[in-house]
Amino acid sequence: MNINKEAYYLDFDKLFENYADKYYTAHSAEYGSPDEFAKDLDKVYHVWATTAQDAIGGLSPSEFFNRIPTEELIDILKGSCTGDRNPSSLLFDRMATEPELIDGLVKLARSSDDEKLLTVAVSIINELGTADSEFYLHMLERTDIDMCVKELCLSEVCTRATELESELIERAEAADDLGLLEVFAEALSYCATGNERIIAIMRKLLSVDPNTAYVAELVGRYGDESLAADLYALLDTCDYVSFMEIRNAIEELGGTVDENYRDFSDDPFYQVIKADNNR
């Protein structure tokens, strides 16, 4: 059976939505409510994905995507991300089983600045797990891509933090952008404690980064007791959100902070929490 290439760019999400509506109508007696049906969507999706569909020439969606030649997949991915289109999860699943696509996907990610395309491409690269670390470090330093894409790259760098420790330290020390410094510091927070250069990076962030709660979380994860004094010094001037994270970090470093150390009754976030707790 030949594949109709015009079907490559069908809205498969819409096809499933239509199928699910008909499935629910036909099986409504089995479900007490739409919410009950929603719990069963994974099963329904599998049934749809393995059932022949007229819209794609009598093939099941899974069979349709499995028949696409490997060399056409990246172009289909690009086309599926244009405009209002979104790639099917079945296309993602197929590409995530093709390690020979890695070079093409890396090349695509390096050259694109489209958030939708980059998000899917980097997700597939992560699933394949074979891109070199230089790719991820390069992506983290790009200034033309969205943070959500960088977070996908950062998650992979964090898993390689120990082997990349020296490289991450050098890039963090050279970073002239606070956001980039945060990115490298987050990866470094997964490294072993005791490195004076990492301690200096964390200390720098504590002194210059207005997002105190976030930095305190990194310091707590890194776990070096020498940073406890820096955290204690912030307790007298921080807001309640930061206070909670600083206290948690100090406790992770072996210290203690009395929860009544300060009066936060005028802090808006504290007021919200107290109101919720008193309901």
Side-chain angles (χ1 to χ4, degrees), residues 1-24 37-38 40-132 135-136 138-140 142 144-157 159:
M1 186 179 294
N2 293 326
I3 294 180
N4 176 11
K5 291 191 175 184
E6 292 180 1
Y8 286 170
Y9 304 111
L10 287 173
D11 188 338
F12 282 86
D13 288 343
K14 188 65 177 178
L15 289 179
F16 172 66
E17 183 181 320
N18 293 338
Y19 178 88
D21 287 343
K22 293 177 182 178
Y23 187 97
Y24 178 66
F37 175 66
D40 228 9
L41 271 183
D42 284 346
K43 184 191 82 171
V44 176
Y45 189 87
H46 176 73
V47 173
W48 168 78
T50 55
T51 300
Q53 308 290 327
D54 291 339
I56 47 177
L59 296 172
S60 72
S62 290
E63 187 179 10
F64 174 81
F65 281 102
N66 286 336
R67 288 192 178 198
I68 297 173
T70 302
E71 63 270 16
E72 296 184 29
L73 290 171
I74 290 180
D75 284 338
I76 294 170
L77 177 65
K78 289 190 286 188
S80 298
C81 289
T82 58
D84 294 332
R85 293 174 175 170
N86 290 293
S88 167
S89 62
L90 293 172
L91 176 61
F92 181 104
D93 292 343
R94 165 66 197 287
M95 296 183 74
T97 65
E98 301 284 357
E100 61 265 43
L101 294 176
I102 193 69
D103 289 343
L105 287 167
V106 165
K107 182 179 179 181
L108 173 64
R110 281 179 171 273
S111 62
S112 176
D113 60 2
D114 181 83
E115 180 182 346
K116 186 196 302 183
L117 179 58
L118 274 173
T119 299
V120 179
V122 174
S123 296
I124 297 171
I125 291 170
N126 283 1
E127 192 73 18
L128 289 168
T130 52
D132 61 35
F135 163 73
Y136 290 108
H138 165 77
M139 295 295 286
L140 290 178
R142 283 179 57 178
D144 61 336
I145 59 177
D146 193 84
M147 191 59 205
C148 71
V149 177
K150 290 192 177 187
E151 286 173 352
L152 289 172
C153 296
L154 178 58
S155 67
E156 184 62 30
V157 170
T159 67

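Throughout, residue positions are numbered sequentially from 1 according to the sequence presented. The shown structure was predicted, so the numbers you read here are calculated from the model rather than taken from an experiment.
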Check: N86 side chain, D13 main-chain N or O, donor-acceptor pair, under 3.5 Å: no
Considering all heavy atoms, the nearest A52-G58 contact: CB-O, 3.2 Å
Separation of E151 CD from E156 CD (nearest 0.5 Å): 15.0 Å
Qualifying residues under salt bridge (Lys or Arg N to Asp or Glu O under 4.0 Å), relative to D93, sequence neighbours excluded: none
Please table the atom pairs, donor to acceptor, closer than 3.5 Å between any side-chain atom in residues 16-23 and protein atoms at least two apart or in another chain.
from, atom 1, to, atom 2, distance (Å)
E17, OE2, K14, NZ, 3.3
N18, ND2, K14, O, 3.4

Distance, nearest 0.5 Å, that separates CD of Q53 from CD of E63: 11.5 Å
Donor + acceptor pair across side chains of R94, T70 (<3.5 Å): yes
Which atom of C81 lies closest to which atom of D114, heavy atoms considered: O-OD2, 4.5 Å
CG/D84: more than 12 non-hydrogen atoms of other groups inside 6.0 Å: no
Derivation of the side-chain contact (heavy atoms from CB on, under 4.5 Å) call for L105 and F135: CA-CA 11 Å; L105 287 167; F135 163 73; over 6 Å; no
Worked verdict on Y9 versus T82 for side-chain contact (heavy atoms from CB on, under 4.5 Å): CA-CA 10 Å; Y9 304 111; T82 58; over 6 Å; no
K116 side chain to G83 backbone, donor-acceptor under 3.5 Å: yes
Inter-residue atom distance S89.OG - F65.CZ, 0.5 Å rounding: 8.0 Å
H138: partners by side-chain contact (heavy atoms from CB on, under 4.5 Å), with sequence neighbours left out: R110, E134, R142
Minimal non-hydrogen separation, I56 against A7, with atom names: CG2-CB, 4.0 Å
Residue pair P87 / F92, side-chain heavy-atom distance below 4.5 Å: no
Whether F12 and F64 hold their rings parallel, tilted or perpendicular, with breakpoints at 30° and 60°: tilted
Closest non-hydrogen atom pair, M139 against C153: CB-SG, 3.6 Å
Gap between atom CG of D103 and atom CD1 of I125 - 0.5 Å precision: 10.0 Å
N126 vs S155 side-chain heavy atoms within contact, under 4.5 Å: yes
CD1 on I102 to OG1 on T130, rounded to 0.5 Å: 3.5 Å
Main-chain N/O of L108 paired with S112 side-chain donor or acceptor, under 3.5 Å: no
Flag, side chain of S62 to backbone of T50, donor-acceptor distance under 3.5 Å: no
Rounded distance (nearest 0.5 Å) linking atom CG of L101 with atom CE of M95: 5.0 Å
Test side chain to side chain contact (heavy atoms under 4.5 Å, CB included) applied to V120 and L117, V122, I124, the passing residue: I124
Identified side chain to side chain contact (heavy atoms under 4.5 Å, CB included) partner of Y8 from the options L91, I76, L77: I76
